[in-house]
Amino acid sequence: MYRKKECVAMLLAGGQGSRLYVLTKNVAKPAVPFGGKYRIIDFPLSNCINSGIDTVGVLTQYEPHVLNAYIGSGQTWDLDRLRGGVYVLPPYQKGKTSEWYKGTANAIYQNISFIDDYDPEYVLILSGDHIYKMNYNKMLQQHKETGADATIAVLDVPLSEASRFGIMNCKPDGTIYEFEEKPKQPKSTLASMGIYIFSYKKLRQYLIDDENNPKSSNDFGKDIIPAMLANGEKLVSYRFEGYWKDVGTIESLWEANMDLLAPNSSGLNMADDSWKIYGRTTGSPPHFTAKGASVTHTLLSEGCEIAGSVSESVLFSDVKIAKNAKVEYSILMPGAVVEEGATVRYSIIASNAVIAKGATVGGSPAECDVDKWGVAVVAEGVRIGCGATLAAKEMADEDLPDVK
Amino acid sequence: MKNVLGIIIAFDNDNDLREITEHRTVGAVQWGGRYRIIDFMLSNMVNSGIYRVGVLMKDKYQSLIDHIGNAKDWDLSRKNSGVTLLPPYSYSKKASPLVTGEYRGKIDALAGAVDFLQKNKAEYVVIADGDIVANIPLDDVIDRHIKSGADLTMVCTKKQKDSPFTTYVELNRKKEAVDIRVGDSNEGKCKHIALGVYVMSRQYLIHMLSDCVTHNCIHFEREFLTRALIDGTVSGYLFNEYAVKIEDTFDYFRSNMDLLDKDVRDEVFLRNRPILTRIKDEAPAYYGDKAEVEDSLIADGCHIEGHVQNCVLFRDVVVEKGADIRDCIIMEGGRILQDASLRHVITDRNVVVRDGRTMMGHENYPITIAKNATV
């Protein structure tokens, strides 16, 4: 079957996301729940289909089971296609060798034959750890118009934060002349978003050369982009304006969820139908808010049963909050339970965790030293015993016993 | 798994939901915040391992066809089985000698599809009305039917209300039907009612259809069942969990309100037998700073800033600041604008209630506002 595609997307989803600690103990970072009914990977996948890109390779390596099952046939994102669609691409044994993905560039290198099958003009490289709504097609149009060899999406960040990012130093026409990874003294505030479009012929050659260079760390940011710059290839920046957030840390994941509660100021609006984000649903009934419950400034999903008080929070499907329980500024993932009299504040409660009667989890930044404050995290399935306390910034990886 | 064919009667018999069924059949009516009534029977079949399902339609069926689509959401888009939509005039008289033209009732509809019944190789058939809200283990009904050796088994519930359309059943100790009557319980002797779910062998169904059509019998409950009772054994399967047949606006209103009771929700929504419906990909529901919500069932995509009490809100409903709605059912896309006030009102899809409007129905006579209307 003739399968030519103009543009194929390759989504790097193999990272562990170690800075999410207990939240990525059993799942890869892209599979971490986000926003009440989504997982992080829903954003790039939905962006692809909304941008008209219907062929996506998802490169997996770390804890792939949840991700594999979640992607399934791709029907959720309308990516179950006769030609193209979504493919999960784990490392595999080859003729003489077999090895893990050594780096982002190596992961693509190992799947050159997959890309070759579609004979594409362009390849879009994405990562599975960012929350944003973006039309990749506009970026592709610019890539074609400028005749660039590579186009890199950039975001204008505050100068004070610029040293946390890979910074692209550009000429006024947008051409990139220098790339600096986490510069101490940034010359510009245009940060790389980790989204690249390459003309495939060029990329293919660079990947092969990179693989033959034993000194290379096989990474796009560290090796491929600098090599292309050194060889005088045409690299152009693509200015993205809109909400974008790397949710690689507990704090940023918590903040991004909170941003959903203020769509007008944050710019992240899930209810905007013109650019829908798709995610698998659970098939639970609508949520129920009982007599005596108080719910304000909160997102709730199907299957929730709320009898207590909830404010400034994001509740995923099938969360139960009992009478006299109090939840504030928190994220409760699917199936989490907060029993009577328990208090949960400034916390992330992972799937099916139980906060038993009278337990206290997390605390407000106003009540402790700024240095000591942080979001409290309870790992998947963990039970915080009756009357037990988990202070701000602490993480519970195993059950806490009841306190009498 | 046994080889069973499911048939859903997806047209209105004696149902009258006023404005709500003006443009659609009762099976296509939204129910319980995110479902359509037919979702229950489709899910019951799939949850019982029945993957061959015929849907008999008569009129006003576009809404139903749009809803079912390729049936993927019920896992019924399959290579060798799945859903078969059976509108009227599906077969010619030559192909199917029992075709009578326009349906006068269930018997005509089934006879009109006798070609479909004959081609199918299933041993048993479940015929179910599409207006039933209940989570029924049909696999168990079929098992009991086979064990009992009866010619026909029907799902019965305790008598709930009296209506001229109710099929009353008197059962003996062996749970065999002694009498079946429509519209009258024989001074209370019939303690059960037939819900509208029947199990029999496919051969028996084809034989009975031929018998009924050639003798010009039209009424399934009066004639088909009575013939079955006289010539053989009709067994009752007692179903004691929540079950309701949606025949009129009052049934519709009351059954939706029943869902505000946790016990009812626990009987209808079971984790291992989920009620499946079409996926619409809404964002989660949002409650604003001033939202006050009590005893209400609320679907995804809703945006609530006002006061909501004892209500069922379907997907994508907006309740603005100062709006006050109590004992209401607001179907998909409803918009209740600032300071509007509603009591005992059912609004059909995409109704807009403008600022400050007040409408009041009564528990016994809820007001219905037609689809796409602006008040």
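Look at A:D129 and A:K29 and you find a salt bridge, because one of the NZ, NE, NH1 or NH2 atoms lies within 4.0 Å of a carboxylate O, short of that distance. In summary, B:D348 and B:R24 engage in a salt bridge, as defined by a charged side-chain N under 4.0 Å from a carboxylate O. Under 4.0 Å is where a charged nitrogen must lie from a carboxylate oxygen, and between B:R343 and B:D327 no such pair does. Ionic pairing of B:D300 and B:R315 is not present here: no N-O contact between side-chain nitrogen and carboxylate oxygen is shorter than 4.0 angstrom.
Interface remark: B:I304 contributes no atoms to any contact with chain A (heavy atom separation under 4.5 Å). Proximity to chain A (any heavy atom under 4.5 Å) is shown, for B:I298, by both the backbone and the side chain. Residue contact with chain B, scored on non-hydrogen atoms closer than 4.5 Å, is absent for A:T282. With a 4.5 Å cut-off on non-hydrogen atoms, B:F314 does not touch chain A at all. With a 4.5 Å cut-off on non-hydrogen atoms, A:D318 touches chain B through its side chain but not through its backbone. Neither the backbone nor the side chain of A:F316 comes within less than 4.5 Å of any heavy atom in chain B. For a residue to count as touching a neighbouring chain, one of its non-hydrogen atoms must lie under 4.5 Å from one of that chain's; by this rule B:F269 touches chain A with the side chain only. Proximity to chain B (any heavy atom under 4.5 Å) is restricted, for A:D80, to the side chain, taken from C-beta onward.
Note on B:L276, B:I275, B:T277, B:L260: by heavy-atom pairs under 4.5 Å with chain A, the leading option is B:L260. Listed options A:T296, A:T289, A:L299 were ranked by heavy-atom pairs under 4.5 angstrom with chain B; first place goes to A:T289. Among the candidates A:V314, A:I277, A:L300, A:D272, the residue making the largest number of heavy-atom pairs closer than 4.5 Å to chain B is A:L300. Taking chain B as the reference chain and counting heavy-atom pairs below 4.5 Å, the highest number among A:R280, A:H287, A:Q75 is found for A:H287. Contact count against chain B (heavy-atom pairs under 4.5 Å) is highest for A:V295 among A:V295, A:T76, A:T281. If you tally non-hydrogen atom pairs under 4.5 Å between each of B:E292, B:K72, B:K262 and chain A, the highest count goes to B:K72.
Residue A:K276 qualifies as enclosed at atom NZ: its count of foreign heavy atoms under 6.0 Å is above 12.
In this structure a side-chain-to-backbone donor-acceptor pair under 3.5 Å is present from B:N135 to B:V268.
When side chains are defined from C-beta on, A:V375 counts as touching A:E251, because their heavy atoms get closer than 4.5 Å.
Among pairs with a residue in residues 300-311 of chain A, those fulfilling side-chain hydrogen bond (donor to acceptor under 3.5 Å, both in side chains) read A:E302-B:R34, A:E305-B:R265, at least two apart in sequence or across chains.
Taking the ring axis of A:F34 as reference, the NZ or CZ atom of A:R39 does not stay both within 45° of it and closer than 6.0 Å to the ring centre.
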